[in-house]
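Read the structure below first, then the notes.
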Amino acid sequence: QVQLVESGGGLVQAGGSLRLSCAASGRTFSRYNMGWFRQAPGKEREFVAAISWSGTSRYYADSVKGRFTISRDNAGNTVYLQMNSLKPDDTAVYYCAAGPVAGAKGMDVSSWGQGTQVTVSS
């Protein structure tokens with residue numbers, strides 16, 4: 001397993017941008033598919049985006065397509081989520097995730113980060 005630590009959350013106005021980072025420990029980072037999930041108050045955790053171990057395949061929830069971009073740096077053991085055109089509905093705790101399988105409908109998760117809060121004001 002890998003240990004994951006998120007950063008980059010904060011408060012932003014609607015229409016603004018944020019970049020989340022997830023630093024992973026362990027030498028096996030490049031073997032994992034990586035992703036982001038989010039959980040708003042009173043709602044279930046939902047899939048946001050995922051990227052394959054090689055970085056060649058990327059998957060997004062319909063709600064964020066065209067606004068969010070997931071990327072990874074295997075040399076630096078880091079995965080990113082660039083969030084543009086943010087909306088109040090994007091307000092949630094965002095979690096980094098690692099797992100063996102990822103696809104258009106989500107991913108199987110073997111490791112979770114502790115989460116970082118993103119708040120979008122209207």
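For residues 32-86, no pair satisfies disulfide bond (SG atoms under 2.5 Å apart), with sequence neighbours left out. Counting only residues at least two apart or on different chains, the ring-ring contact (aromatic ring centres under 6.0 Å, His included) pairs with a member in residues 84-122 are Phe37-Trp112. Legend: salt bridge (Lys or Arg N to Asp or Glu O under 4.0 Å) pairs involving residues 67-86, not counting sequence neighbours, sorted by first then second residue: Arg67-Asp90. Applying the disulfide bond (SG atoms under 2.5 Å apart) test to residues at least two apart or on different chains, the pairs with a partner in residues 20-105 are Cys22-Cys96. Contacts classified as salt bridge (Lys or Arg N to Asp or Glu O under 4.0 Å) and involving residues 43-55 (residues at least two apart or in different chains) are given here: Arg38-Glu46.
In this structure, Ser57 has no side-chain hydrogen bond (donor to acceptor under 3.5 Å, both in side chains) partners at least two apart in sequence or on a different chain. Judged as a side-chain contact (heavy atoms from CB on, under 4.5 Å), and not counting sequence neighbours, the contacts of Gln114 are Val5, Glu6. Annotation: side-chain hydrogen bond (donor to acceptor under 3.5 Å, both in side chains) contacts of Ser85 (sequence neighbours excluded): none. Considering only residues two or more places apart in sequence or on other chains, Thr56 meets the side-chain contact (heavy atoms from CB on, under 4.5 Å) condition with Ser52, Ser54. Among residues two or more places apart in sequence or in another chain, the side-chain contact (heavy atoms from CB on, under 4.5 Å) test is passed with Ser17 by Gln82, Asn84. Considering only residues two or more places apart in sequence or on other chains, Ser30 meets the side-chain contact (heavy atoms from CB on, under 4.5 Å) condition with Asn74.
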Could you pull out all donor-acceptor pairs under 3.5 Å where a side-chain atom in residues 102-111 meets a protein atom, sequence neighbours excluded?
| residue | atom | partner | partner atom | Å |
| --- | --- | --- | --- | --- |
| Ser110 | OG | Ala98 | O | 3.2 |
| Ser111 | OG | Val2 | O | 3.2 |

